[in-house]
Amino acid sequence: MDDELLLEQARQGDSAAFTSLVERHQDDLYTMALRLLGTPADAADVVQETFLRAYMNLPKLRGVSVRGWLFRVAVNACRDVQRRSVRKPASPLEDRDGKVLELPSQDAGPEAAAEARERAAAIRAALLALPVDYRVAVVLRDVNDLSYEEIAEVLHLPLGTVKSRLSRARLQLAGHLRRSTVLFAAEGQG
C-alpha cells in the first residue's frame with residue numbers, strides 16, 4: 001500500500017494506517033536525525049516530534065509527498081534542537097558514558113575491531129565538522145538515499161542549490177577525511 005493511500009485512511013480515522021506510516025518511515029528519519037544531531041536521545045525526540053506534528057496535521061496534508069513532508073518536518077525539528085543546544089554533540093555511536101554501541105565483526109580480532117571503531121569515529125567527526133546545511137544535504141542524499149528532487153522539496157530549495165551544496169559538502173568531507181591520520185596513515189610510516 002502506498003503512502004498516499006495510508007495517509008487518506010489515517011485522515012479518515014484509521015489508526016492502523018497511521019501506525020503503518022510510522023513503521024515505514026521511522027528508521028530512515030531516525031538515521032537522518034542521528035547523523036545530523038549526533039545523539040540517539042535527540043534523534044529519537046526528533047522522530048517523535050515529527051510523527052506528532054504529522055498526526056496533528058493530518059487534515060491539512062493534501063497533495064504532498066508523505067515521505068518528503070516527513071523529512072522536511074524532521075530536518076526542521078533537527079534545526080530546532082541545534083538552535084536550543086549549545087553543547088557539543090556526542091558521538092552518534094556512543095552512549096553517554098562513551099561506550100561504543102556498534103558491535104565489531106565476529107571475524108575480526110581486537111586490533112581490527114579497534115581500527116574499525118577509529119575509522120567510524122573519524123568519519124562521524126568529519127561529517128559533524130561540515131556546516132549544518134551541507135551536512136543535511138549529504139545525510140539526506142547519501143544516508144537516506146533521497147533523490148535530488150526530493151531533497152529540494154524537503155529543504156524548499158531550487159534543484160541547482162541542492163546540487164551545489166552536495167558538491168561543496170562532498171569536497172569538504174573529502175578534505176576532512178584526507179587529513180585524517182586514522183583513515184590515511186602518514187606517508188613513510190608502516
Side-chain angles (χ1 to χ4, degrees), residues 3 24-51 53-54 64-94 100-102 115-189:
D3 286 349
R24 183 175 290 178
H25 297 288
Q26 67 184 353
D27 291 343
D28 288 340
L29 294 172
Y30 178 81
T31 300
M32 182 218 41
L34 183 61
R35 296 295 178 249
L36 294 180
L37 299 172
T39 61
D42 287 343
D45 288 347
V46 162
V47 172
Q48 183 177 0
E49 177 68 20
T50 298
F51 286 113
R53 289 181 190 177
V64 298
S65 158
V66 174
R67 184 173 189 247
W69 187 84
L70 289 171
F71 273 103
R72 181 172 42 247
V73 171
V75 165
N76 289 337
C78 286
R79 288 181 174 155
D80 291 345
V81 169
Q82 289 169 329
R83 278 191 287 268
R84 287 191 303 260
S85 176
V86 292
R87 61 181 166 74
K88 182 178 182 259
S91 172
L93 298 178
E94 296 176 0
V100 175
L101 298 175
E102 65 185 19
E115 288 174 359
R117 284 191 301 273
E118 287 177 4
R119 281 192 304 273
I123 292 168
R124 281 191 310 273
L127 186 60
L128 289 171
L130 292 176
V132 175
D133 290 341
Y134 289 2
R135 188 179 337 145
V136 168
V138 167
V139 169
L140 289 175
R141 177 70 190 128
D142 296 331
V143 176
N144 293 106
D145 201 31
L146 269 68
S147 69
Y148 292 109
E149 292 78 11
E150 288 174 313
I151 296 169
E153 178 186 336
V154 167
L155 299 178
H156 293 292
L157 294 172
L159 187 59
T161 302
V162 169
K163 289 179 180 181
S164 69
R165 278 190 188 176
L166 277 167
S167 176
R168 291 175 182 148
R170 287 174 176 157
L171 284 173
Q172 284 188 21
L173 190 59
H176 288 298
L177 294 174
R178 273 198 281 300
R179 289 188 294 275
S180 171
T181 58
V182 172
L183 295 174
F184 300 102
E187 288 189 28
Q189 293 183 358

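In this text the structure is predicted, and so the values were computed from the model without any measurement.
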Check: Tell me, do V46 and T50 make a side-chain contact under 4.5 Å, heavy atoms counted?
Finding: yes
Note to self: Please give me the minimum heavy-atom distance between L70 and A54, naming the atom from each residue.
What the structure shows: CD2-CB, 3.9 Å
Notebook entry, point to check: About how many Å separate CG of N144 and CG of L29, when rounded to the nearest 0.5 Å?
Noted result: 7.5 Å
Next item on the list: Quick one: pull up CG in L155 and CG in L140 and give me the separation to the nearest 0.5 Å.
Entry: 5.5 Å
Notebook entry, point to check: When rounded to the nearest 0.5 angstrom, what distance separates CG in L127 from CG in L36?
Noted result: 7.5 Å
Notebook entry, point to check: Does some side-chain heavy atom of L146 sit less than 4.5 Å from a side-chain heavy atom of E153?
Noted result: no
Note to self: Within the structure provided, determine whether V81 and E49 are in side-chain contact (heavy-atom separation under 4.5 Å).
What the structure shows: no
Notebook entry, point to check: Tell me, do P131 and Q172 make a side-chain contact under 4.5 Å, heavy atoms counted?
Noted result: yes
Notebook entry, point to check: Can you tell me how far CD of E150 sits from CZ of R141, rounded to the nearest 0.5 angstrom?
Noted result: 9.0 Å
Checklist line | Shortest non-hydrogen separation from I151 to A137 and the atoms involved | finding: CD1-O, 4.1 Å
Margin query: Counting C-beta onward and ignoring hydrogens, is there a side-chain heavy-atom pair between N76 and R79 closer than 4.5 Å?
Written below: yes
Checklist line | Heavy-atom side-chain proximity of M32 to F71 below 4.5 angstrom | finding: yes
Next item on the list: Identify whether the distance between the nearest side-chain nitrogen and carboxylate oxygen of D45 and R84 falls below 4.0 Å.
Entry: no
Notebook entry, point to check: Can you tell me how far CH2 of W69 sits from CZ of R53, rounded to the nearest 0.5 angstrom?
Noted result: 8.0 Å
Checklist line | Nearest non-hydrogen partners of L128 and R135, listed with the distance | finding: O-NH2, 3.3 Å
Check: Between A44 and Y30, which heavy-atom pair has the shortest distance, and what is it?
Finding: N-CE1, 3.7 Å
Next item on the list: Flag the pair V66 / R24 as yes when at least one side-chain heavy-atom distance between them is below 4.5 Å, and no otherwise.
Entry: no
Margin query: Working to the nearest 0.5 angstrom, can you tell me the gap between K163 NZ and Y148 OH?
Written below: 7.5 Å
Note to self: Looking at every non-hydrogen atom in both residues, tell me the closest pair between R72 and V154 and how far apart they are.
What the structure shows: CG-O, 3.0 Å
Note to self: Give me the atom names and distance for the closest heavy-atom approach of S65 to G68.
What the structure shows: OG-N, 3.1 Å
